[in-house]
Visitor: 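Would you mind keeping the following structure in view while I ask a few things?
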Amino acid sequence: MAGSLDGVVLVPVADQAPGQVGTRTRFTYQERDGHIWAEYAGGDVVRGHLVGTRQGDRIDFRYVQLKTDGRTASGHCVSTVAELPDGRLRLEESWEWESQEGSGTSVVEQPLP
């Protein structure tokens, strides 16, 4: 199993569509006893929160965010935690909006020091 996400900051490796998370978004994760939560902001996101559970290297969570245009959005994501060869953590994600149309995949990882 890959390491704990507690206190870890992750960033997207690529921009998504406008109004979604992008390379300027920063996620700060917490993890305790199989529970995962994070706050995120940056780019087109003023504030976002996610909450979910981790079993092994699989995370299942819901997210909600406030965008710079004043709209809110929410969705569901399933992520796989992986450890990169240099020891950094990466999440490979499949997500789907629940409050609007759209789904996709994304990757977030610890930035290089």
Side-chain angles (χ1 to χ4, degrees):
M1 184 167 100
S4 172
L5 289 167
D6 194 47
V8 172
V9 173
L10 300 177
V11 298
V13 299
D15 284 322
Q16 300 292 318
Q20 298 181 27
V21 300
T23 55
R24 294 181 297 154
T25 310
R26 298 291 180 266
F27 294 79
T28 303
Y29 284 81
Q30 302 297 319
E31 179 175 357
R32 304 258 190 320
D33 302 322
H35 301 158
I36 298 279
W37 64 99
E39 293 188 2
Y40 60 98
D44 291 330
V45 178
V46 174
R47 181 177 306 276
H49 299 275
L50 65 85
V51 63
T53 57
R54 178 175 179 174
Q55 292 184 332
D57 286 333
R58 183 180 185 275
I59 299 173
D60 187 306
F61 65 82
R62 293 279 190 297
Y63 55 89
V64 62
Q65 64 189 36
L66 172 63
K67 301 178 198 181
T68 55
D69 65 7
R71 293 184 300 142
T72 60
S74 61
H76 175 247
C77 185
V78 175
S79 300
T80 301
V81 185
E83 193 167 312
L84 298 170
D86 62 8
R88 292 179 300 131
L89 295 176
R90 164 186 271 204
L91 297 182
E92 297 171 357
E93 305 176 317
S94 294
W95 51 267
E96 182 175 13
W97 291 108
E98 295 178 333
S99 62
Q100 62 191 31
E101 293 293 318
S103 62
T105 60
S106 57
V107 174
V108 294
E109 62 184 36
Q110 284 181 286
L112 290 168

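When reading the values below, keep in mind they use all heavy atoms of this one structure, side chains included, and skip hydrogens, waters and symmetry mates. Remember, it's a predicted structure, so these values are computed and weren't measured experimentally.
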Visitor: I'd like to know if the side chain of Ser74 reaches the main chain of Glu98, judged simply by a donor and an acceptor atom lying under 3.5 Å from each other, with no hydrogens or angles considered.
Guide: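 Judged by distance alone, no pair lies under 3.5 Å.
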
Visitor: For Lys67, is there an ion pair with Asp69 - N to carboxylate O distance below 4.0 angstrom?
Guide: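 Answer for the salt bridge query: no.
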
Visitor: Considering residues at least two apart in sequence or located in another chain, which fulfil the salt bridge (Lys or Arg N to Asp or Glu O under 4.0 Å) criterion with Glu96?
Guide: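 Counting only residues at least two positions away or on another chain, Glu96 forms no salt bridge (Lys or Arg N to Asp or Glu O under 4.0 Å).
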
Visitor: For Leu66, give me all partners under side chain to side chain contact (heavy atoms under 4.5 Å, CB included), at least two apart in sequence or on another chain.
Guide: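 Side chain to side chain contact (heavy atoms under 4.5 Å, CB included) list for Leu66, sorted by chain: Val46, Thr72.
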
Visitor: Which heavy atom of Ala2 sits nearest a heavy atom of Ala82, and at what distance?
Guide: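 In terms of heavy atoms, the two residues are closest at CB-C, 4.2 Å.
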
Visitor: Might you point out which heavy atoms bring Gly22 and Pro12 nearest each other, and give the distance in Å?
Guide: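 Nearest pair, atom of Gly22 first, then Pro12: O-CG, 3.1 Å.
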
Visitor: Measuring only between side-chain heavy atoms, which start at C-beta, is Phe27 closer than 4.5 Å to Val21?
Guide: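 In contact.
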
Visitor: Are Val8 and Tyr63 linked, directly or through other ILVMFWY residues, by side chains that come within less than 4.5 angstrom of each other?
Guide: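 The answer is yes; both residues are in one hydrophobic cluster.
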
Visitor: State the CG-CD distance between Leu50 and Glu39, to the nearest 0.5 angstrom.
Guide: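 These two atoms lie 9.5 Å from each other.
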
Visitor: Are Leu89 and Val108 connected in a single hydrophobic cluster, I mean Ile/Leu/Val/Met/Phe/Trp/Tyr linked by side-chain heavy atoms less than 4.5 Å apart?
Guide: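 Per the 4.5 Å side-chain linkage, Val108 and Leu89 are co-clustered.
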
Visitor: Tell me, please, which residues at least two apart from Arg24 pass salt bridge (Lys or Arg N to Asp or Glu O under 4.0 Å).
Guide: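 Here no residue qualifies.
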
Visitor: If the condition is salt bridge (Lys or Arg N to Asp or Glu O under 4.0 Å), which residues does Asp33 pass it with, not counting sequence neighbours?
Guide: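 Residues passing salt bridge (Lys or Arg N to Asp or Glu O under 4.0 Å) with Asp33: none at all.
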
Visitor: Any side-chain to backbone donor/acceptor pair from Glu31 onto Ser4? Under 3.5 Å, distance only.
Guide: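 No; judged by distance alone, with no hydrogens or angles, the pair does not exist.
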
Visitor: Working to the nearest 0.5 Å, report the span between CH2 of Trp97 and CD of Gln65.
Guide: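 If I round to the nearest 0.5 Å, the distance is 4.0 Å.
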
Visitor: Do Asp57 and Thr80 get their side chains close enough for a donor-acceptor pair, meaning under 3.5 Å?
Guide: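 There is no such pair between these side chains.
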
Visitor: Nearest 0.5 Å, please: how far is OG1 in Thr53 from CD1 in Ile36?
Guide: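 Between atom CD1 of Ile36 and atom OG1 of Thr53 there are 8.5 Å.
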
Visitor: For a quick check under 3.5 Å, do Glu93 and Ser106 share a side-chain donor-acceptor pair by atom type?
Guide: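 Side chains of Glu93 and Ser106: pair found under 3.5 Å.
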
Visitor: Would the distance check show the side chain of Thr23 and the main-chain N or O of Asp15 forming a donor-acceptor pair, the cut-off being under 3.5 Å?
Guide: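 Not a single qualifying donor-acceptor pair exists.
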
Visitor: What's the spacing between Tyr40 OH and Tyr29 OH if we round to 0.5 Å?
Guide: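 So the gap between those two atoms works out to 9.0 Å.
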
Visitor: Which distance, rounded to the nearest 0.5 Å, do you find between the CZ of Arg54 and the NE2 of His35?
Guide: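 It is 13.5 Å, given to the nearest 0.5 Å.
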
Visitor: Excluding sequence neighbours, so at least two apart, what forms salt bridge (Lys or Arg N to Asp or Glu O under 4.0 Å) with Arg26?
Guide: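 Not a single residue meets the salt bridge (Lys or Arg N to Asp or Glu O under 4.0 Å) criterion with Arg26.
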
Visitor: Sorted by first residue and then second, give each salt bridge (Lys or Arg N to Asp or Glu O under 4.0 Å) pair with at least one member in residues 3-12; sequence neighbours left out.
Guide: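 Every pair satisfying salt bridge (Lys or Arg N to Asp or Glu O under 4.0 Å) with a residue in residues 3-12: Asp6-Arg32.
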
Visitor: Please say whether more than 12 non-hydrogen atoms of neighbouring residues, nucleotides or ligands are located less than 6.0 Å from CZ in Arg62.
Guide: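 Correct, the count exceeds 12.
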
Visitor: Within this structure, what is the CG-CG distance for the pair Leu91 and Leu5, rounded to the nearest 0.5 Å?
Guide: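 Taking CG in Leu91 and CG in Leu5, the distance rounds to 5.5 Å.
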
Visitor: Which heavy atom in Gln100 sits nearest to a heavy atom in Ala73, and how many Å separate them?
Guide: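 Closest heavy-atom pair between Gln100 and Ala73: OE1-CB, 4.0 Å.
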
